[in-house]
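In what follows, every chain begins at residue 1, and chains take the letters A, B, ... in the order their sequences are listed. Values reported hereafter were calculated over all heavy atoms of this structure, with side chains retained and with hydrogens, waters and symmetry mates removed.
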Amino acid sequence: MSLREAASNLVGWVDYRLPIVKTWKTHMSEYYAPKNFNFWYFFGVLALVVFANQVLSGIWLTMFYVPTAEEAFKSIEYIMRDVSSGWAIRYMHEVGASFFFIVIYLHIFRGLLYGSYQRPRELIWIFGMFIYCLMMVEGFLGYVLPYGNMSYWGAKVILNLVGAIPIIGEGLQIWVQGDFVVGSATLGRFFALHVALVPLILIVGIFLHIVALHQVGSNNPEGIDIKAHVDADGNPLDGIPFHPYYTISDLTPVVIFLILFFACVFYFPGGGGYFIEPPNYLPADKLSTPEHIAPVWYFTPFYAMLRSVTIDSFGLDAKVWGLIIVSGAMLVLFFLPWLDRSAVLSMRYKGWPSKIMLMLFAVSFVFLGVLGAKPADWAPAWVAPALTTIYFAYFLAMPVYTKLEKTKPVPGRIGAKSG
Amino acid sequence: MDREIFVKLWLATAAISLFPLCSIASSNSQELLQSNIDIHNKASLRRGARLYMNHCAACHSAKFMRYERLSKDLEIPPEIVMSDLVRFGATRLSDAIPAAIDPKVGEKAFGIAPPDLTLEAKYRGTDWVYSYLLGFYKDSNAPTGYNNHLMANVAMPWVLASLQEATSEAEFKDQMRDLTNFMAYMSEPIRPFRENFGKYVLGFLMVLLVSVRLLKNEYWRSLNE
């Protein structure tokens, strides 16, 4: 029996008991993806690459990290100095966290640009937003673990926010932090959640995101349904098998991504004070507040919204209003598929109002991010509320402008002349 | 035509979005001197280590920096490290650098405990450390007789005053650059290796990039025909 026969027999044996061949075909070799994917379609696979990096580097970090108030900071320096290649693993994890959000923000923007959230991909979008929210939780938990001074004060600010919730807040805060103050009990549970619970749910979320995607098929920059035109075998004429075509061509963006990623790991591991904020080089100190407490950059747009309310009103604290606004900003994302009433998917065929609103939305989100990273008095007080208004207007006015605007006719086939 | 407008629109979006990011990058408000250190210059690091051990280590600990690492990285023979540098209660090569005085005594003497300096260069930045070291000036109102441009009413006595008076200005600047360099090294001893090793990793990835691109062309050729 040749080796080839033996391998084929083994596959046959397993396949009789576990549908590996069918799964491979459904999701890889006979999964037809549109042939016109562009730059914006790289970020899904890149997110998977970073996720794998976070899991692997994270597992190694758990071998040396000690989740107590006394030892946490020391154990990080131990990893940086005494653990063989510990510095590389730690930097990969820390730079990876920021790169995860860069990739995810571009991935989400792609969705907005080409209407990837619209029918029939509503569930893919919802799973995606679920993953995004969980990632923010994961990022926050992970940021506290090194127990530098910014970790400590950042945790305090966020946990005090929990405490600001009327009636149940105070008890909830103590329950979440496990003590009357942020300390070892907090680190212990944050560690458990960061390395076990949240990643487990994330894996389920990613699995559902991809299964739902493969059920309805990928969108494309034209927003054309490739399943509408099939050949004699029922395969889309404008589609190509994901494997080998996209598995091979995706290697190029993956390697380019790795070049940028490792350039950061080796030459800018602190991200200019944005991946690791300088106060985090000091151990947590409850007596010394950092001059200016700012969350790590990927939270800053929401932090700016949180701070945008400065007046107590309707019997509620300004802080509570901030919390309501941020929750609303997250919640509204989940309803996006039903807010867009356009008949077309891609921005290429949507009208001017959609284009301008998306542009305003993107700019306001970036500006909010800048505001959130700066001290509260850096810009006039009206700027953050104005930008927050634009953020919400993009979503809340969407049913109106997408319904009323004049769209362009979408060609039936990819590559055909428009109109 | 319309496609073009669309592309222009998102280029404009990107440009507008990048504008405030630039303001983040250049937001350093304090006027600092450029330290221009060279972390790969071992002679400078050795000179800096000597300055550090002679002038700083009496009051400041460096509790994450081991003598052994110093000996290996800066190529100072262990015997010399043991005889010249291991002191203030440290007894073994594997010990970390302690301070000579008890932090509590320091706090009583200066009003504030002298901070551990292992990560100071990372926390403040090397330009800050360099500017601080060159920022001391005579001030008869200050309790120690010296004040600092960067940190008004600084608690630290100007321990390098005699050295500063005994050397020329240019020479003193060089010495402070060496000291800053050593503190940068101490804050991250792996940095010289990291910066060297990174070249090989990036080089490998560049080669990989060319090969995966050629592989893609090979696979897609039949599609494009």
Under a 4.5 Å heavy-atom cut-off, does chain A meet the side chain of [X], its backbone, both or neither?
{"X": "Leu209(B)", "answer": "both"}
{"X": "Ser187(B)", "answer": "backbone"}
{"X": "Phe204(B)", "answer": "neither"}
{"X": "Lys63(B)", "answer": "neither"}

Return the minimal non-hydrogen interatomic distance between [X] and [Y], and the atom names on each side.
{"X": "Leu119(B)", "Y": "Tyr281(A)", "result": "CD1-O, 3.4 Å"}
{"X": "Arg69(B)", "Y": "Arg81(A)", "result": "NH1-O, 2.8 Å"}
{"X": "Phe266(A)", "Y": "Gly198(B)", "result": "CG-CA, 3.4 Å"}
{"X": "Pro279(A)", "Y": "Tyr123(B)", "result": "CA-CE1, 3.8 Å"}
{"X": "Leu205(B)", "Y": "Ile259(A)", "result": "CB-CG1, 3.6 Å"}

Which atoms of [X] come close to chain B, meaning under 4.5 Å heavy atom to heavy atom: side chain ones, backbone ones, both, or neither?
{"X": "Val254(A)", "value": "neither"}
{"X": "Tyr91(A)", "value": "side chain"}
{"X": "Leu251(A)", "value": "both"}

Tell me if the [atom1] atom of [X] is crowded by more than 12 foreign heavy atoms within 6.0 Å.
{"X": "Arg87(B)", "atom1": "CZ", "answer": "yes"}
{"X": "Phe88(B)", "atom1": "CZ", "answer": "yes"}
{"X": "Leu237(A)", "atom1": "CG", "answer": "yes"}

State the [atom1]-[atom2] distance between [X] and [Y], to the nearest 0.5 angstrom.
{"X": "Trp220(B)", "Y": "Ile240(A)", "atom1": "CH2", "atom2": "CD1", "answer": "3.5 Å"}
{"X": "Asp116(B)", "Y": "Leu282(A)", "atom1": "CG", "atom2": "CG", "answer": "10.0 Å"}
{"X": "Tyr267(A)", "Y": "Arg194(B)", "atom1": "OH", "atom2": "CZ", "answer": "9.0 Å"}
{"X": "Ile256(A)", "Y": "Leu208(B)", "atom1": "CD1", "atom2": "CG", "answer": "11.0 Å"}

task = Not counting sequence neighbours, which residues clear salt bridge (charged side-chain N to carboxylate O under 4.0 Å, His left out) with Asp82(A)? List them please.
result = Arg66(B)
query = Can you name the salt bridge (charged side-chain N to carboxylate O under 4.0 Å, His left out) partners of Lys122(B), sequence neighbours left out?
reply = Glu188(B)
Closest-packed option against chain B by number of heavy-atom pairs under 4.5 Å, given [options]:
{"options": "Pro269(A), Gly148(A), Pro283(A)", "value": "Pro269(A)"}
{"options": "Phe365(A), Phe262(A), Trp87(A)", "value": "Trp87(A)"}
{"options": "Met80(A), Glu77(A), Lys74(A)", "value": "Glu77(A)"}

query = So Phe64(B) and Phe73(A), would you call those rings parallel, tilted or perpendicular, with 30° and 60° as cut-offs?
reply = tilted
